[in-house]
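Down below is the structure, laid out as structure tokens.
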Amino acid sequence: MQVIAPELVGMSAERLSNIRAKLRQYVAEERVSGFVTLVGRDSEVAHFEAIGFRDAERRQTMALDTIFRIYSMTKPITSIALMMLYEQGKFQLVEPVSRYIPAFGNTKVYAGQGYMGPQLAPQNPPMTIWHLLTHTAGLSYGFFFDTPIDEMYRNSIFRSETASLEEKILGIADLPLRFQPGSAWNYSVATDVCGYLVQVLADMPFEDFLAERIFEPLGMADTAFHVPADKLDRFAKLYRHDAQTGGFSAYESTPHIPLHDYTKPACAPSGGGGLVSTAADYWQFANMLLNEGELGDVRFIGRKTLEFMTRNHIKAESLPMAIGPAAIPGRGFGLGFDVVMDAAQTGVLNSDGNYGWSGAAATNFWVDPQEQLAGIIMTQLMDNMLPFQQDFRALTYQALID
């Protein structure tokens, strides 16, 4: 990948070097194993660096082509895939999910605890595809502990490593919703359901649709639902943040986030969090978004569709959004992306209209249409409590000189 002089796209090379200095500090203090960072503007790459180690114990250096578990950075890709089918007239956003996945017509809604266990009510209104894309469907994830619904998720077929995608989604439909569709925002497996909808609507395996319609035309050769044997030497090790020491240690499977085996093809490719990728690959996706849905001579998504997807769809009474106890001020949510509504409230340099999302292992990307700017930071740190994503964003924006 060609990296140009930052000044050619209105950025300062000297000021961009602050990214390297700050992230090297995290590595030197043994708080994070390593990073790959990329900054693009006006469809050119102005910064692309690897720092630290992909495997700290073996002293294997982080490389620009290191492969990462991007977890929930899968969600924007799945959402684009589903909306590509929307553009073909395959569905309407306001249609009930049950029209295409009938099992969701029988899904009940949690209405509190009774003497005999959870009390359940019928959906009112019915769950729609718009609810799925905006995380307002009433679904959950299983890594929260504030309702009995999440315990059901932890014990459900959704956690199976051998169930098919269809079996998992039908298993989700058997579980009660946390709330009535549209009445609140809750981060959830909704995008996994979107992935299955792609499979149903396109009449082809979900993973094949992504490969044929998105990855291959974008040249995302290292993005997939598993890492083949000939690429395993490029696959970063997964760590977890230790809140007591401030350091990191090897991540081990937990009941709320099991450790998935990425060395073999997935039985049920997860549209919500199953992909691995590289910074260079994800730049291809982000650059397509910067170009209003087009890259090269391929149009992936319509300009107006993308504009619609990347504006806030969440009503004021459901804001600020929160994942568990962590509020997300200044942001709303579109169709598959978070959206900056008030940059001043986010607590970090930003632009109104900026959109993107993160992954569970502390990967993050954003696209800023106002500045024609995109940033990608890749690492592999679960349970992260460190502010390096905010550091990276601030140090990218301070480098703008034009």
Side-chain angles (χ1 to χ4, degrees), residues 1-6 13-14 16-40 45-71 73 219-224 226-242 245-252 259-263 275-286 358-365 374-393 395-396 399:
M1 177 180 291
Q2 181 181 7
V3 181
I4 67 165
E14 180 181 2
L16 277 174
S17 69
N18 290 334
I19 296 173
R20 181 189 317 117
K22 182 61 180 180
L23 297 186
R24 277 182 174 172
Q25 182 180 346
Y26 281 105
V27 173
E29 294 173 353
E30 298 185 342
R31 301 169 79 190
V32 185
S33 63
F35 302 94
V36 174
T37 51
L38 186 152
V39 176
V45 176
H47 163 95
F48 189 24
E49 292 188 346
I51 297 168
F53 303 94
R54 70 174 184 272
D55 186 324
E57 290 80 9
R58 297 181 181 180
R59 311 304 285 178
Q60 293 177 338
T61 304
M62 187 72 80
L64 295 176
D65 66 351
T66 295
I67 297 172
F68 299 87
R69 304 158 187 81
I70 63 169
Y71 289 122
M73 278 170 60
M220 297 172 68
D222 291 322
T223 304
H226 81 289
V227 183
D230 62 348
K231 296 182 180 181
L232 283 173
D233 62 336
R234 294 163 49 201
F235 192 31
K237 185 171 181 178
L238 184 63
Y239 294 98
R240 62 173 294 274
H241 175 72
D242 188 324
T245 67
F248 62 89
S249 57
Y251 183 81
E252 298 179 356
L259 190 58
H260 174 67
D261 183 1
Y262 283 94
T263 65
L275 287 173
V276 297
S277 190
T278 63
D281 269 17
Y282 214 89
W283 160 246
Q284 292 297 102
F285 179 71
S358 298
T363 59
N364 177 260
F365 92 105
I376 299 167
I377 182 168
M378 297 289 204
T379 188
Q380 296 285 255
L381 188 67
M382 304 290 282
D383 307 319
N384 175 48
M385 300 296 290
L386 302 171
F388 51 76
Q389 291 183 10
Q390 296 90 326
D391 290 333
F392 172 62
R393 191 172 301 220
L395 295 173
T396 296

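Computed from a predicted model, the values in this text were never measured in an experiment. Side-chain atoms are counted along with the backbone in the values below, which use heavy atoms only and exclude waters and symmetry mates.
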State the CG-CZ distance between L395 and R393, to the nearest 0.5 angstrom. 12.5 Å
Do the side chains of M73 and L275 get nearer than 4.5 Å, heavy atoms only? no
Do the non-hydrogen side-chain atoms of T278 and W283 ever get within less than 4.5 Å of each other? no
For a quick test of reading the model, state the closest non-hydrogen atom pair linking A279 to F48 and the distance between them. CB-CE1, 4.0 Å
So L381 and F388, do their side chains get closer than 4.5 Å, heavy atoms only? yes
Value rounded to 0.5 Å, distance of CG in L23 from CZ in F35: 5.0 Å
Do R54's NZ or CZ and the ring of F235 fall within the cation-pi criteria of under 6.0 Å and 45°? no
Report yes if some heavy atom in the side chain of Q380 is under 4.5 Å from a heavy atom in the side chain of K237; otherwise report no. no
Verify, without hydrogens or angle tests, whether Y282 (side chain) and I70 (backbone) share a donor-acceptor contact under 3.5 angstrom. no
Tightest non-hydrogen contact, residues T363 and R69, listed as CG2-O, 4.0 Å
Partners passing salt bridge (charged side-chain N to carboxylate O under 4.0 Å, His left out) against D222 (at least two apart in sequence or in another chain): K231, R234
Decide yes or no for D391 and Y26: does some side-chain heavy atom of the first lie under 4.5 Å from some side-chain heavy atom of the second? yes
Are M1 and L38 packed together at the side-chain level, in the sense that at least one heavy-atom pair is separated by less than 4.5 angstrom? yes
Within this structure, what is the CZ-CD1 distance for the pair R20 and I51, rounded to the nearest 0.5 Å? 7.0 Å
